[in-house]
Structure formats: C-alpha cells, structure tokens
Amino acid sequence: MAEMRAFRDAVGGWAAGGSGGPASELAARLGIRTAVLLEGLSDLAAVEALAARRGRDLAAEGVCVMSMGGAMNVGRYAALLGPPGLGLRLAGLCDEGERRFYDRALERARAPRRGFFVCVADLEDELIRALGTARAEEIVRAGEDFRAWQTFLRQPAQHGRSRQRQLRRFLGTKKGRKIRYGRLLVDALGPEQAPAPLDDLLASL
C-alpha cells in the first residue's frame, strides 16, 4: 500500500512537470497494469471501499486507483499513463457534464473509451440514488454532521429543493466531507445496490 501511494505521488509530481523516471520505475517494480483515473479523493474513497467490501486487493492485482485533482487534468494523466506514456490500460469514472473532456483526452492518448463509465451528475449522486434518500439521510443524521445538516436544511436556498439535491449539495459544503461519505455510503449499500457506473468499473478491472 505504501509503495502504491509512492507511485501516486510520483505520477502527481510528473503531472506537475517533474520527471517521469520515478513513476516509470515504480510501475515496473509493482507490476502496475491498469490506472483508474478519478476526478477526486471522494471517488477514490468510494472505489476503494467497494473493492474492499468485495474482497479485492486492487494493488495486488496491478491496479492503481488515483485522484487526478480535477476532471480537467484527464488529458495530462491519460497522456502520461496511457499509450503515449507508461502504456498502462486506462479506466475510470466521469460525470456526464465532463464526458466530452474525457472523450477528447482519450482520443488524443489513443486509449480505448470502453474502460470509462459515466455518472449522471457525480458519484455521490449515484450513491444517494442507489441507497434511497431516506437511508442516505439516516447516515448523515447518525454521524457528527447532524447539527450541520439541520442548519443546512434551514437555509432559504434549500427550500423547495428535492431531498436528493439537498443531500448532494450538503456533502460538498465542507472539505473532507465528500471523502468520508464516499466510504460511509458505500459501506451502507446492500449486496446488489452498487450504482451501475461503480459496479461496472470494478467488474471491468
């Protein structure tokens, strides 16, 4: 696990303009064959949580799940890790609103599109829909965010919004909250409840 984190860090440094040597050496040493490109750390938390629930050790399988720090970085990461760079198989999740950026990036990198799966709004929205809003709200109310959730619901901007939209917006109002709930919502899923994009991604790896 520590070595996979080192690989992620090396790729991040490379994407920021550093040398690709450390990433290349680690990829070879660790036997990495697939890079799963995700927009942020909350997506990474959800993917890793569902993989663990299903008894899979992605690192041992040669799969590195990484956050790109934003969807607009997909072109850079696809070029570094895909056919023009390390030659890894690419997979990942993207939001419907950013699909065109992914399509262009993968085309430029000469990487197949079939390993990428689309969330309608984002992965948190998919998870809330899969669980149902009542169950998702139970999870929020049962944790440390109960008071914050009550205050949030009293805001005028939330009046008239569906519970689905309120929950999705609430998860993004504090740094780190989406990461924590990425894990909590996945942990609450029943055996057949995983949203299709997440389920399909793991099945493809």
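Count residues from 1 along the sequence. The shown structure was predicted, so the numbers you read here are calculated from the model rather than taken from an experiment.
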Fill in the blank from the handout: Shortest non-hydrogen pair, Arg54 vs Ala194, comes out as NH2-CB, 3.6 Å
Practice task
Could you tell me whether the side chains of Thr151 and Arg147 share a donor-acceptor contact shorter than 3.5 Å?
Solution key: no
Handout entry: Gap separating the CZ atom of Arg168 from the OG atom of Ser162, nearest 0.5 angstrom
Key = 10.0 Å
Practice task
Taking only Lys NZ, Arg NE, NH1 and NH2, and the carboxylate oxygens of Asp or Glu, determine whether Arg135 and Glu138 approach each other closer than 4.0 Å.
Solution key: yes
Handout entry: Transitive ILVMFWY side-chain link Leu81 to Leu26, under 4.5 Å
Key = yes
Handout entry: Point-to-point distance, once rounded to the nearest 0.5 Å, from NZ of Lys178 to OG1 of Thr173
Key = 10.5 Å
Exercise for the section: Decide side-chain contact (heavy atoms from CB on, under 4.5 Å) for Leu171 and Ile128; before the verdict, give the C-alpha distance in whole Å, the side-chain angles of both, and the deciding distance to 0.1 Å. Expected result: CA-CA 11 Å; Leu171 297 188; Ile128 293 166; 4.2 Å; yes
Exercise for the section: Using the rule that two of Ile, Leu, Val, Met, Phe, Trp, Tyr join whenever any of their side-chain heavy atoms come within less than 4.5 Å, decide whether Ile179 and Leu58 are in one cluster. Expected result: no
Completion exercise
For Leu201 and Gly92 the tightest heavy-atom approach is CD1-N, 3.6 Å
Problem - Minimum side-chain heavy-atom gap Thr34-Leu90 below 4.5 Å - result: no
Handout entry: Phe170 six-ring face occupied by Arg177 cation (under 6.0 Å, within 45°)
Key = yes
Problem - Derivation and outcome, side-chain contact (heavy atoms from CB on, under 4.5 Å), residues Leu131 and Ile139 - result: CA-CA 10 Å; Leu131 280 171; Ile139 294 167; 4.0 Å; yes
Practice task
Identify whether the distance between the nearest side-chain nitrogen and carboxylate oxygen of Glu48 and Arg8 falls below 4.0 Å.
Solution key: yes
Exercise for the section: Check Ala91 against Leu205 and note the closest heavy-atom contact, atom names and distance. Expected result: CB-CD2, 3.9 Å
Handout entry: Residue pairs fulfilling salt bridge (Lys or Arg N to Asp or Glu O under 4.0 Å) with at least one residue in residues 156-165, sequence neighbours excluded
Key = Glu137-Arg163
Problem - Note, Val140 side chain near Leu184 side chain (heavy atom, < 4.5 Å) - result: no
Side chains of residues 60-78: which donor-acceptor pairs under 3.5 Å do they make with residues two or more places apart or in other chains?
| from | atom 1 | to | atom 2 | distance (Å) |
| --- | --- | --- | --- | --- |
| Glu61 | OE1 | Arg56 | NH2 | 2.7 |
| Glu61 | OE2 | Arg56 | NE | 3.2 |
| Ser67 | OG | Gly69 | N | 3.3 |
| Asn73 | ND2 | Met68 | O | 2.8 |
| Asn73 | ND2 | Gly69 | O | 3.3 |
| Arg76 | NE | Ala15 | O | 3.3 |
| Arg76 | NH2 | Trp14 | O | 3.3 |

Handout entry: Pair Arg113 + Asp103, salt bridge at N-O below 4.0 Å
Key = yes
Practice task
To the nearest 0.5 Å, tell me how far Glu39 CD sits from Leu123 CG.
Solution key: 10.0 Å
Problem - side-chain contact (heavy atoms from CB on, under 4.5 Å) between Thr133 and Gln166, worked out - result: CA-CA 10 Å; Thr133 54; Gln166 290 171 337; over 6 Å; no
Problem - Electrostatic pair Arg129-Asp125, nearest N-O below 4.0 angstrom - result: yes
Handout entry: Test: Arg180 and Asp145 ion pair at under 4.0 Å
Key = yes
Handout entry: Leu80 reachable from Phe7 in the ILVMFWY side-chain graph, under 4.5 Å edges
Key = yes
Handout entry: Test item: Phe152 and Gln155 side chains (from C-beta on) under 4.5 Å apart, heavy atoms
Key = yes
Exercise for the section: Please examine the side chains of Asp43 and Glu124, heavy atoms only from C-beta on, and report whether any two atoms are closer than 4.5 Å. Expected result: yes
Practice task
Indicate yes or no: at least one non-hydrogen side-chain atom of Arg33 is less than 4.5 angstrom from one of Leu88.
Solution key: no
Problem - Atom pair CG/CD of Leu50 and Gln193 - distance to nearest 0.5 Å - result: 11.5 Å
Practice task
Flag yes if more than 12 heavy atoms outside Gln158 fall under 6.0 Å of its CD atom; otherwise flag no.
Solution key: yes
Exercise for the section: Apply side-chain contact (heavy atoms from CB on, under 4.5 Å) to Ile32 and Leu86, showing your working. Expected result: CA-CA 10 Å; Ile32 298 173; Leu86 297 185; over 6 Å; no
Exercise for the section: State plainly whether one hydrophobic cluster holds both Leu127 and Leu167, where clusters connect Ile, Leu, Val, Met, Phe, Trp and Tyr through side-chain heavy atoms under 4.5 angstrom apart. Expected result: yes
Fill in the blank from the handout: The reported gap from CD in Glu25 to OG in Ser19 (rounded to nearest 0.5 angstrom) is 8.0 Å
Handout entry: Side-chain heavy-atom pair Asp187, Leu185 within 4.5 angstrom cut-off
Key = no
Practice task
Could you tell me which non-hydrogen atom of Pro112 sits nearest to which non-hydrogen atom of Leu106, and how far apart they are?
Solution key: O-CD1, 4.3 Å
Exercise for the section: Report the residue from Leu198, Leu93, Leu202, Asp199 that forms a side-chain contact (heavy atoms from CB on, under 4.5 Å) with Phe117. Expected result: Leu93
Exercise for the section: Report yes if the side chains of Arg53 and Leu189 come closer than 4.5 Å at any heavy-atom pair, otherwise no. Expected result: yes
Completion exercise
When rounded to the nearest 0.5 Å, the distance separating SG of Cys119 from CD of Glu126 is 4.5 Å
